[in-house]
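As structure tokens, the structure follows; a few thoughts come after it.
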Protein chains: 2
Amino acid sequence: MIANQNFEELLRGHGLRATPQRTMVLEALTRLSHPDADAVYGYAQSRFSSMSLATVYNVLDKLRQVGLIVMLDLHGRRYFDLRVEPHDHVRCRHCGNLADVARDPATRLVMPSVASWVIDDQELVWEGLCPNCRQAQ
Amino acid sequence: MIANQNFEELLRGHGLRATPQRTMVLEALTRLSHPDADAVYGYAQSRFSSMSLATVYNVLDKLRQVGLIVMLDLHGRRYFDLRVEPHDHVRCRHCGNLADVARDPATRLVMPSVASWVIDDQELVWEGLCPNCRQAQ
DNA sequence: TTCGTTGCTAATAATGATTCTAAATAAGGA
DNA sequence: TCCTTATTTAGAATCATTATTAGCAACGAA
């Protein structure tokens, strides 16, 4: 539970102006699980009625640029996640459902060296069948 | 270099009817590097002129369902890759450029156990700056 | 506190990848 | 060759995302 004041400090600490719209988006991201832009919009607009969907997209992109959030492109949609302690994701091959996964301590990811690239991050997505879809099969 | 006859066997071996459209899509996937649907369409249509874009989408989805190809959702687009020896990818944070990456032998990925899920695959995408974008910065 | 600059937001239109629909056609077994 | 069933086609429709532009707000300086 993060207070709005802390969101504002977080924003300023990353060189961004603290606006109520940005605060609301951050709040939505702490409350919802892997929301897409539309889910963030639904949450934020219910507390800040003049908020527009375009602003949600703007803010999400800005937060991503400064590294505050992570963007997940899955089955033709974008989902967003606060960049908290590193964790991975698992997605259902059948219905697209998405969940957090703690990384096994025995996992070792050795960063590849690719000619002339500067690589500094990674994203690991596991794939399988979620409980619902497993039963349906 | 795979002959068309082999593509047909490959298709039938996976329970699919062997059509010239499907053969062309498979051929495109062996020739192009991480094409999106439109690139596959461009390749296939130049050799089979009646081919439609809708068919490309149909075929790609079918091939994915039977596990012959892998689908990569990146920066709002879908890219396709034949499922050959496992390899990872690296994408440029700035321009979206995509490249293959060999997995370092020291890398160990321990499959997580998530309650009631059946997990059987993973996708690892590294992120950074490609040579072009690194210079531009 | 007020002012001015700069960046942000809102509304709406535009874009573009992907999916849908229905009718025509082709694959593969009998 | 014929029949059944899956596939393909063309075009329309959908829908997430981006672009545009005018109005507004944040925040540093006076």
Side-chain angles (χ1 to χ4, degrees), chain A residues 4-5 7-26 28 34-42 44-66 68-69 71-80 95-96 98, chain B residues 4-5 7-26 28 34-42 44-45 47-66 68-69 71-80 94-96 98:
Chain A
N4 282 11
Q5 191 185 341
F7 289 137
E8 295 176 7
E9 285 169 12
L10 195 61
L11 289 164
R12 295 204 185 88
H14 284 78
L16 300 179
R17 288 191 182 174
T19 69
Q21 290 88 343
R22 290 178 173 172
T23 301
M24 271 306 146
V25 168
L26 281 174
H34 311 103
D36 60 8
D38 209 61
V40 171
Y41 178 54
Q45 206 214 25
S46 72
R47 286 139 214 254
F48 194 84
S49 61
S50 76
M51 180 122 190
S52 81
L53 181 57
T55 296
V56 171
Y57 278 101
N58 285 341
V59 171
L60 288 171
D61 192 55
K62 210 45 162 237
L63 296 179
R64 183 190 58 79
Q65 282 174 34
V66 302
L68 272 173
I69 66 175
M71 200 175 86
L72 290 166
D73 270 281
L74 296 174
H75 38 92
R77 244 201 190 66
R78 277 183 189 152
Y79 300 91
F80 298 88
C95 71
L98 191 62
Chain B
N4 282 11
Q5 191 185 342
F7 289 137
E8 295 176 8
E9 286 169 11
L10 194 62
L11 288 164
R12 294 204 186 89
H14 284 77
L16 300 179
R17 288 191 182 174
T19 68
Q21 290 89 342
R22 288 177 175 170
T23 300
M24 272 305 146
V25 168
L26 281 174
H34 311 104
D36 60 8
D38 210 60
V40 170
Y41 177 54
Q45 205 213 26
R47 287 137 213 259
F48 194 84
S49 62
S50 76
M51 179 122 189
S52 81
L53 181 57
T55 296
V56 171
Y57 279 101
N58 285 342
V59 171
L60 287 171
D61 193 55
K62 211 43 163 240
L63 296 179
R64 183 191 58 79
Q65 282 174 32
V66 301
L68 272 173
I69 66 176
M71 199 175 87
L72 290 166
D73 270 279
L74 296 174
H75 38 93
R77 241 199 192 68
R78 277 183 189 153
Y79 300 91
F80 298 89
H94 193 253
C95 72
L98 191 62

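As the structure is a computational prediction, the values presented were derived from the model and not from experiment. Every chain is numbered from 1, with letters handed out A, B, ... down the list of sequences.
For the pair B:Met24/B:Val59, no side-chain contact is recorded, criterion being any heavy-atom separation below 4.5 Å from C-beta on.
In summary, contact between chain A and DNA chain D, defined as any nucleotide atom under 4.0 Å from a heavy atom of the protein, begins and ends at D:dA16 to D:dC27 in the 5' to 3' direction.
For the helix from C:dT1-D:dA30 to C:dA30-D:dT1, the angle separating the two terminal helix axes comes to 40°, with each axis derived from five pairs and the value rounded to 10°.
Take the nearest nucleotide of DNA chain D for B:Arg17 and for B:Ser50: the residue whose nucleotide is more 5' is B:Arg17. With DNA chain C read from its 5' end, the first of the two nearest nucleotides for A:Val59 and B:Gly76 is the one closest to A:Val59. Nearer to the 5' terminus of DNA chain C, by closest-nucleotide assignment, is the contact made by A:Gly15 (compared with the other of B:Asp73 and A:Gly15).
To the nearest 0.5 Å, atoms CE (B:Met71) and CD (B:Gln65) are separated by 10.5 Å. To the nearest 0.5 Å, atoms OG (B:Ser50) and CD (B:Gln21) are separated by 6.0 Å. Within the model, atoms CZ of A:Arg22 and CG of A:Leu68 stand 10.5 Å from one another, a figure rounded to the nearest 0.5 Å.
In this structure a side-chain-to-backbone donor-acceptor pair under 3.5 Å is missing from B:Asp36 to B:Arg78. Under a 3.5 Å cut-off, the side chain of A:Thr23 and the backbone N or O of A:Thr19 do form a donor-acceptor pair.
Counting to the nearest Å, the P atom of C:dT18 and the CZ atom of B:Arg64 are 13 Å from each other. Following rounding to the nearest Å, A:Gln45 (CD) and C:dA10 (C1') show an atom-to-atom distance of 12 Å.
Listed here is the closest heavy atom pair of A:Tyr79 and A:His34: CD2-O, 3.2 Å.
Distances from the side chain of A:Ala54 to the nucleotides C:dC20, C:dA27, C:dA11 place C:dA11 closest.
Evaluation of the salt bridge (charged side-chain N to carboxylate O under 4.0 Å, His left out) test over residues 46-59 of chain A, restricted to residues two or more places apart or in two chains, returns A:Glu27-A:Arg47.
Here B:Thr19 lies in heavy-atom contact (under 4.0 Å) with sugar-phosphate atoms only. The residue B:Asn58 sits close to a base: some heavy atom pair falls under 4.0 Å.
An OP1 or OP2 oxygen of C:dA26 is reached within less than 4.0 angstrom by no side-chain nitrogen or oxygen of B:Gln21.
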